[in-house]
Number of protein chains: 2
Amino acid sequence: MLNDFPLTLKKLNLKVTPKRLAILEILLKESVYLSPEEIWKKMKKRFNRIGLPTVYRNLEELSEGNIISKINHPNRQLYYYLCQNRSHHHHFICLSCRKVEDISFCAAKEIEGEVKRNIRGKILSHILQVNGLCKNCLEKKG
Amino acid sequence: MLNDFPLTLKKLNLKVTPKRLAILEILLKESVYLSPEEIWKKMKKRFNRIGLPTVYRNLEELSEGNIISKINHPNRQLYYYLCQNRSHHHHFICLSCRKVEDISFCAAKEIEGEVKRNIRGKILSHILQVNGLCKNCLEKKG
DNA sequence: AATTTAAATGAAAACCATTTCTACTTAATC
DNA sequence: GATTAAGTAGAAATGGTTTTCATTTAAATT
Ligand SMILES: [Zn+2]
Ligand SMILES: [Zn+2]
Ligand SMILES: [Zn+2]
Ligand SMILES: [Zn+2]
């Protein structure tokens with residue numbers, strides 16, 4: 001279930017193409033967030049012909065379908081991460097080695113309450129992300 | 001204190017220039033987030049010569065100095081907002097009319113605990129933002 | 001008030017990550 | 001296998017943002 005990618009794609013009404021599967025496989029193998037170009041470079045090892053726009057398109061679609069997460073990086077470039085944890089949660093990202101770790105705490109409930117009570121608007125999405133240095137990177141510096 | 005901009009700039013070791021003051025004044029007047037180009041257009045009404053890079057540079061510096069907030073927008077463009085609330089808090093942003101409203105709830109404490117306990121890393125920053133439709137925009141649609 | 005110095009600025013150009021376009025290919029359905 | 005809508009490659013365009021560098025300005029120092 002966790003990585004029956006063909007099924008996952010079908011559920012999103014996306015065709016099961018070798019390139020889509022490869023993008024997911026590449027991301028699954030990584031414990032760090034990757035840029036579209038980095039994923040493209042890895043794809044070039046598997047396919048003779050593979051365009052960068054294909055990688056961008058697919059990453060956007062997969063992100064739209066909540067299969068992969070978009071990372072909010074201070075340098076404002078795009079990064080993606082495939083998390084095997086399928087329940088709602090957020091991320092701690094290492095700004096040095098790019099490692100991604102799960103944060104189970106989510107303020108969604110409390111915030112929903114506050115938005116209902118005071119703002120009286122409709123929530124469409126929320127971002128919660130912690131940026132820092134992971135254990136390994138901290139120890140290297142010390 | 002709240003808008004003694006010259007003093008604020010001095011504290012950041014930034015020179016008190018008419019253009020910096022104007023950028024702050026423009027932002028202070030707005031209850032919505034603005035793009036650098038939008039701010040530049042407003043600046044052109046006040047100055048004969050005003051370059052877009054100057055606006056970008058100053059916005060970045062002011063954001064770095066925590067005088068203004070950078071907005072995380074789904075379209076990935078830069079937007080800034082000057083919030084008069086000087087205590088730590090986060091924002092609800094309307095994706096339709098761009099209104100920004102304060103959310104006092106912040107999960108920082110809980111997250112800090114979780115990062116200390118499980119991740120054992122160092123937190124450098126955190127993002128918490130709620131995107132949605134404000135009360136006014138909801139009612140317009142209904 | 002004049003001098004000095006580092007910071008700020010404008011204009012033009014560069015940058016470059018991302019998107020668009022078009023012709024071609026492929027997956028899925030029957 | 002034929003059909004059709006979706007996916008793709010490659011090249012080019014896009015456009016928000018940053019860099020460069022010569023000039024100007026703020027503000028500290030005489
Ligand atoms: Zn790390
Ligand atoms: Zn995760
Ligand atoms: Zn609104
Ligand atoms: Zn605020």
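Residue numbers begin at 1 in each chain, while the letters A, B, ... track the order of the sequences. Model, not experiment: these values are computed from the prediction.
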For B:Glu37 and A:Ile50, take the nucleotide of DNA chain D holding the closest heavy atom to each; which residue's nucleotide lies nearer the 5' end?
-> A:Ile50
Figure out the CG/P separation between A:Asn75 and D:dT18, and round it to whole Å.
-> 11 Å
Assign B:Arg20 to base, sugar-phosphate, or nothing according to its heavy-atom contacts below 4.0 angstrom with the strands shown.
-> sugar-phosphate
Is the closest basic N to carboxylate O distance between B:Glu139 and B:Lys135 below 4.0 Å?
-> yes
Whole-Å distance between D:dG10 P and A:Asn48 CG?
-> 10 Å
Would you say A:Thr17 reaches D:dG7's phosphate, i.e. side-chain N/O to OP1/OP2 under 4.0 Å?
-> no
Please state how far atom NZ in B:Lys44 lies from atom C1' in C:dT9, giving the value in whole angstrom units.
-> 16 Å
Please state how far atom CG in A:Asn13 lies from atom C1' in D:dG7, giving the value in whole angstrom units.
-> 14 Å
From CE of A:Met43 across to C1' of D:dG7 the rounded distance in Å is 12 Å
Taking only the side-chain nitrogens and oxygens of A:Arg49, find out if one of them lies under 4.0 Å from OP1 or OP2 of D:dT8.
-> no
Quickly work out the B:Leu34 CG to D:dT17 P distance and round it to whole Å.
-> 13 Å
Inspect the contact between A:Arg20 and A:Glu25 and indicate whether a charged nitrogen and a carboxylate oxygen are less than 4.0 angstrom apart.
-> no
Between B:Glu30 and B:Lys42, is there a salt bridge with N-O shorter than 4.0 Å?
-> yes
Is any side-chain nitrogen or oxygen of B:Asn58 closer than 4.0 Å to OP1 or OP2 of C:dT9?
-> yes
Whole-Å gap separating P (C:dA8) and CG (B:Leu24) | 14 Å
For this output row, return yes or no: ring centroids of B:His126 and B:His90 closer than 6.0 angstrom.
-> yes
The residue, A:Lys10 or B:Leu52, whose nearest nucleotide of DNA chain C is more 5′ is B:Leu52
Between A:Tyr56 and C:dT18, is there a side-chain N or O to OP1/OP2 distance below 4.0 Å?
-> yes
Between B:Leu14 and B:Arg76, name the one whose nearest nucleotide on DNA chain D is closer to the 5' end.
-> B:Arg76
Hey, does B:Pro6 reach any base, or is it just sugar-phosphate, or nothing, if we go heavy atoms under 4.0 Å?
-> nothing
Among the nucleotides C:dT18, C:dG10, C:dT19, which one has an atom lying closest to any side-chain atom of A:Pro53?
-> C:dT19
Write down the distance between CG (B:Leu62) and P (C:dA7), rounded to a whole number of angstrom.
-> 17 Å
Closest nucleotide among D:dT8, D:dG7, C:dA27 to the A:Thr54 side chain | D:dT8
Nearest-nucleotide comparison on DNA chain C, the residue closer to the 5′ end among A:Arg57 and B:Lys15 = B:Lys15
Is it true that A:Glu112 and A:Arg117 have a side-chain N and a carboxylate O under 4.0 angstrom from each other?
-> no
